[in-house]
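Read through the structure below, which is laid out as structure tokens, and then see the notes.
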Amino acid sequence: MDTAADTTAMRRAVTLAARGLGSTSPNPVVGCVVLDATGQTVGEGFHQRAGGPHAEIHALRAAGAKARGGTAYVTLEPCNHTGRTGPCAQALIEAGIARVVYAVGDPNPQATGGADTLRAAGITAERGLLGEEAEAVNAAWLTSVRLGRPHVTWKYAATLDGRIAAADATSRWITSAEARADVHRLRAEADAVVVGSGTARTDDPQLGVRGIDRAVQPLRVVVDTAATAVRPGARVLDGGAPTVVAVADDADARHLPDEAVLRLPRAADGPGLDLAALLAALHGRGVRSVLLEGGPTLAGAFVAAGLVDRVVGYLAPVLLGAGPAALADAGISTIAQALRLDVTETVSIGPDLRITAVPGPARKEI
Ligand SMILES: NC(=O)c1ccc[n+]([C@@H]2O[C@H](COP(=O)([O-])OP(=O)(O)OC[C@H]3O[C@@H](n4cnc5c(N)ncnc54)[C@H](OP(=O)(O)O)[C@@H]3O)[C@@H](O)[C@H]2O)c1
């Protein structure tokens, strides 16, 4: 049975896991806490980067001999396979751990089975404690394993009346410096940042992470069907981070560096490129999480294709009354088709509000 001490230890493990966001792909983020036989914390760890030791190994190293007879709390089922590092289930057995509490089962067919290995060695292995919180912190990786494509967060910044620019197209700055700094945290947690050609043309964004120590720069992606929006000298080509310009198979992209060009099929039933093919190509490059930064046209196409897993809206207490809306056509023409979301968090950021929501199960309003 889970005690308050179990919950405290697992919550700490979830917090530790979050420290790996943005630097572990294509691996999951994982946190681990080891308590000794008397319930004292003797080891902590998290998976810091792909190819580096797993969370359990860091925590067991810190615990040393004190792990014997203790309990390990892990946010994800300990792995059972030998990849670039050895199997964690075996390491827990060898350390003399008596009980393992893990939050989420490992859906990866190559790594699953760790709990069975532990039980076969006489260790108590319990699943499910703080499962929802551990799922949330690992949403990107779990989505990518389950769906075979990266997890997509659509982020926008809008006025309280839902506009992302004024009627004359001026848009700097709708939200506060604090909110904009928070966006850099989101970028740092993502493997790739994606914008459409309209945004590239209007804003010439750099799309890198600024102001965060030791941040891993995400891959910068511009969806530019005809290869006309990203010109030599564009800030997105500044060398500060890797860049991909996704263009149509037949686009003339001779002005772009070869290594930046990603050729994709056009969408079968609408304008622009095939977005599923874009995500598949990014997944093939190890991208597990995408931060879609708009604009409204591209975001609408992602929503229409069912490719948005999380929405983060920054709302400024500002009114414009005219100007483009945060989301353009998403293929929804009647209220019964509205995409309804569940709010998972609301936070004040400076004078603004950050709302996070995820598509909920289909609901009928009575
Ligand atoms: N406040 C915010 O959060 C925020 C964020 C971003 C942008 N913005 C603002 O948004 C404005 C630009 O937005 P926008 O809507 O004009 O442009 P956008 O969404 O950035 O880009 C749209 C373009 O992407 C290309 N595209 C490629 N494949 C597509 C597909 N499958 N579906 C849809 N589009 C596809 C299309 O042009 P091609 O096919 O010709 O390439 C399309 O016109 C700017 O004013 C910018 O400042 C605001």
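Given the structure is predicted, the values throughout are model-derived calculations rather than measurements. FYI, side chains are in, hydrogens and waters are out, and symmetry mates aren't considered; it's all heavy atoms of this structure.
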So how far is it from Y314 OH to T175 OG1, rounded to the nearest 0.5 Å?
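That separation rounds to 8.5 Å.
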Working to the nearest 0.5 angstrom, can you tell me the gap between H47 NE2 and T24 OG1?
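H47 atom NE2 to T24 atom OG1 measures 5.5 Å (nearest 0.5 Å).
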Salt bridge R12-E44, side-chain N to carboxylate O under 4.0 Å:
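Here R12 pairs with E44 in a salt bridge, since their nearest N and O are under 4.0 Å apart.
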Ionic contact status for D250 with R266, cut-off 4.0 Å
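Between D250 and R266 there is a salt bridge, with a charged N closer than 4.0 Å to a carboxylate O.
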Side chains of [X] and [Y]: does their closest heavy-atom pair fall under 4.5 Å?
{"X": "V261", "Y": "D258", "value": "no"}
{"X": "E126", "Y": "V100", "value": "no"}
{"X": "P296", "Y": "I164", "value": "yes"}
{"X": "I93", "Y": "L118", "value": "yes"}

Can you check whether [Y]'s main-chain N or O pairs, donor with acceptor, with [X]'s side chain at less than 3.5 Å?
{"X": "T170", "Y": "A166", "value": "no"}
{"X": "D203", "Y": "P205", "value": "no"}
{"X": "N138", "Y": "L142", "value": "no"}
{"X": "D224", "Y": "T228", "value": "yes"}
{"X": "D213", "Y": "A215", "value": "no"}
{"X": "R263", "Y": "A246", "value": "no"}
{"X": "N80", "Y": "P87", "value": "no"}
{"X": "D309", "Y": "V152", "value": "yes"}
{"X": "E77", "Y": "D106", "value": "yes"}
{"X": "T117", "Y": "G113", "value": "yes"}

Compare every heavy atom of [Y] with every heavy atom of [X], then report the nearest pair and how far apart it is.
{"X": "L60", "Y": "A95", "result": "CD2-CB, 3.7 Å"}
{"X": "L341", "Y": "A357", "result": "CB-CB, 3.7 Å"}
{"X": "L130", "Y": "A103", "result": "O-CB, 4.1 Å"}
{"X": "W154", "Y": "A326", "result": "CZ2-O, 3.5 Å"}
{"X": "D342", "Y": "G360", "result": "OD2-CA, 3.3 Å"}
{"X": "A59", "Y": "G45", "result": "CB-N, 3.8 Å"}

[Y] and [X] side chains, donor-acceptor separation under 3.5 Å:
{"X": "R310", "Y": "T153", "value": "yes"}
{"X": "S176", "Y": "D352", "value": "yes"}
{"X": "S23", "Y": "R214", "value": "no"}

Co-members of the apolar cluster containing [X] [side chain, <4.5 Å]:
{"X": "V209", "value": "I212"}
{"X": "V29", "value": "V14, L21, V137"}
{"X": "L147", "value": "none"}

Counting heavy atoms not belonging to E345, are there more than 12 under 6.0 Å from its CD?
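Yes, enclosed.
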Show every salt bridge (charged side-chain N to carboxylate O under 4.0 Å, His left out) that has at least one partner inside residues 228-247, sequence neighbours left out.
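Those involving residues 228-247 are R220-D238.
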Is there a path of hydrophobic side-chain contacts, each under 4.5 Å between heavy atoms of I, L, V, M, F, W or Y residues, that connects V244 with V195?
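Different clusters.
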Give the cluster check for L262 versus L298: same hydrophobic cluster or not, with ILVMFWY residues linked at side-chain heavy-atom distances below 4.5 Å.
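Result: yes, single cluster for both.
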Give every donor-acceptor pair under 3.5 Å between a side-chain atom in residues 63-75 and any protein atom, sequence neighbours left out.
{"unit_1": "R68", "atom_1": "NH2", "unit_2": "E94", "atom_2": "O", "d": "3.4"}
{"unit_1": "Y73", "atom_1": "OH", "unit_2": "D6", "atom_2": "OD1", "d": "2.5"}
{"unit_1": "T75", "atom_1": "OG1", "unit_2": "G31", "atom_2": "N", "d": "3.0"}

Identify all side-chain donor-acceptor contacts of residues 269-291 below 3.5 Å with residues at least two apart in sequence or on another chain.
{"unit_1": "D274", "atom_1": "OD1", "unit_2": "A276", "atom_2": "N", "d": "3.0"}
{"unit_1": "D274", "atom_1": "OD1", "unit_2": "A277", "atom_2": "N", "d": "3.0"}
{"unit_1": "H283", "atom_1": "NE2", "unit_2": "R288", "atom_2": "NH1", "d": "3.4"}
{"unit_1": "R288", "atom_1": "NH1", "unit_2": "H283", "atom_2": "O", "d": "3.1"}
{"unit_1": "S289", "atom_1": "OG", "unit_2": "D191", "atom_2": "N", "d": "3.0"}

